[in-house]
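Below is one structure, written out as structure tokens; the observations come after it.
Counting starts at 1 for both ligands and their atoms, in listed order. Each residue takes its place number in the sequence, starting with 1. From a predicted model like this one, the values you see are computed outputs, not experimental measurements.
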Amino acid sequence: MLRKAKLADVKKIQRLINFYAKKNEMLPLSLSELYDNIRNFYVYEKDGRILGCGALRVTWDKLGEIRSVAIQRSKQKAGIGKKIVRMCLKEARQLGLEKVFVLTYKPDYFKKFGFKDVDKYQLPHKVWRDCIKCVYFPDCEEDALIKTLK
Ligand SMILES: CC(C)(COP(=O)(O)OP(=O)(O)OC[C@H]1O[C@@H](n2cnc3c(N)ncnc32)[C@H](O)[C@@H]1OP(=O)(O)O)[C@@H](O)C(=O)NCCC(=O)NCCS
């Protein structure tokens, strides 16, 4: 079942994200960042287990970001990520966002949803707020992609 995250999910979401962060597939998230952003998160739960997560964050006027999409290794390629990304895009449209971007090491995955490459430097300065805090700044190898919502 896909649903909005609850506070009780925070530590499970962190474990999921940081599993991939340790493999340099995603950026790590602290508990503090997760509590700040928990209302942005969706989780996919089955039999009490969190199998996947992802978040939509409003960045700026008409611009949002999909971030922290992570699916349990053993449950990948079963459509869970797709459900989460589509739900984030649906919410983005409902909110009135016109564009959604991602920063990711998996650009080909997001291209499947119609995201296109964009020069990171075209994104608003506010995006750099997180980047500056990141341990990989300024040598980040994440790709930036953006999708215009219909
Ligand atoms: C990348 C990730 C989120 C994909 O989620 P998933 O649930 O395994 O993928 P889905 O089942 O939604 O796949 C949807 C489609 O994308 C394809 N796909 C899956 N992973 C892909 C990848 N890494 N690159 C390109 N395509 C991919 C699937 O084959 C499927 O194609 P189809 O619709 O033609 O059959 C998941 O593998 C993951 O958690 N990876 C580790 C964390 C990570 O890198 N997150 C990236 C976002 S920051």
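- More than 12 heavy atoms of other residues, nucleotides or ligands shown are found within 6.0 angstrom of NZ on Lys4.
- The minimum heavy-atom distance between Leu34 and Val10, with the atom names listed, is CD1-O, 3.7 Å.
- Atom 34 (O) of ligand 1 has its closest protein heavy atom at Lys112 NZ, 2.9 Å.
- Heavy-atom contacts from other residues, nucleotides or ligands closer than 6.0 Å to CZ of Arg39 number 12 or fewer.
- By heavy-atom distance, the residue among Lys23, Glu25, Lys77 lying nearest atom 28 (C) of ligand 1 is Lys77.
- Without hydrogens or angle criteria, Asp9 side chain to Ile50 main chain gives no donor-acceptor distance under 3.5 Å.
- With a 4.0 Å heavy-atom cut-off, ligand 1 is reached by the side chain of Met26 but not by its N, CA, C or O.
- Residues Ile71 and Met87 are members of one and the same hydrophobic cluster, defined by side-chain heavy-atom contacts under 4.5 angstrom among Ile, Leu, Val, Met, Phe, Trp and Tyr.
- Protein heavy atom at the shortest distance from atom 33 (O) of ligand 1 is Lys82 NZ, 3.2 Å.
- The aromatic rings of Tyr109 and Phe113 sit perpendicular to each other, their planes meeting at more than 60°, with 30° as the lower class boundary.
- Within the 4.0 Å heavy-atom shell around ligand 1 one does not find Tyr105.
- For the atom pair CZ (Arg57) and OG (Ser68), the distance works out to 8.5 Å, reported to the nearest 0.5 Å.
- A salt bridge is defined here as a Lys NZ or Arg NE, NH1 or NH2 lying under 4.0 Å from an Asp or Glu carboxylate O, and Glu142 with Lys120 fails to meet this definition.
- Annotation: Lys22, atom NZ; neighbour count of heavy atoms from other residues, nucleotides and ligands within 6.0 Å does not exceed 12.
- The closest protein non-hydrogen atom to atom 11 (O) of ligand 1 is Gly79 N, 2.6 Å.
- What sits closest to atom 39 (O) of ligand 1 on the protein, heavy atoms only, is Ile71 N, 2.7 Å.
- Atom 44 (O) of ligand 1 is approached by the protein to below 4.0 angstrom, counting heavy atoms only.
- Selection from Ala78, Gly81, Gly54, Pro107 by nearest heavy atom to atom 7 (O) of ligand 1 gives Gly81.
- Where the criterion is an N or O separation shorter than 3.5 Å, residue side chain and backbone included, Arg73 fails it with respect to ligand 1.
- Salt bridge absent: Glu98 and Lys147 never bring a charged side-chain N and a carboxylate O closer than 4.0 Å.
- Protein heavy atom in closest approach to atom 24 (N) of ligand 1: Tyr109 N, 3.7 Å.
- Against a heavy-atom cut-off of under 4.0 Å, Ala70 is close to the following atoms of ligand 1: 39 (O).
- Shortest contact from atom 46 (C) of ligand 1 to any protein heavy atom: Val69 O, 3.6 Å.
- Atom 23 (N) of ligand 1 has as its closest protein heavy atom Lys106 CD, 3.7 Å.
- Within the 4.0 Å heavy-atom criterion, neither part of Phe19 lies near ligand 1.
- Among protein heavy atoms, the minimum distance from atom 36 (C) of ligand 1 is reached at Gln76 NE2, 3.7 Å.
- Below 4.0 Å from some heavy atom of Ile80 lie the following atoms of ligand 1, by number and element: 7 (O).
- Under a 4.0 Å criterion applied to the non-hydrogen atoms of Phe110, ligand 1 contributes the atoms 47 (C).
- Against a heavy-atom cut-off of under 4.0 Å, Tyr20 is close to the following atoms of ligand 1: 41 (C), 42 (C).
- Ion pair Glu65/Arg67 flagged as a salt bridge, since at least one NZ, NE, NH1 or NH2 atom sits closer than 4.0 Å to an Asp/Glu carboxylate oxygen.
- Checking only distances, Leu103 never comes within under 3.5 Å of ligand 1, N or O to N or O.
- The CG atom of Leu103 sits 12.0 Å away from the CD1 atom of Ile66 when rounded to the nearest 0.5 Å.
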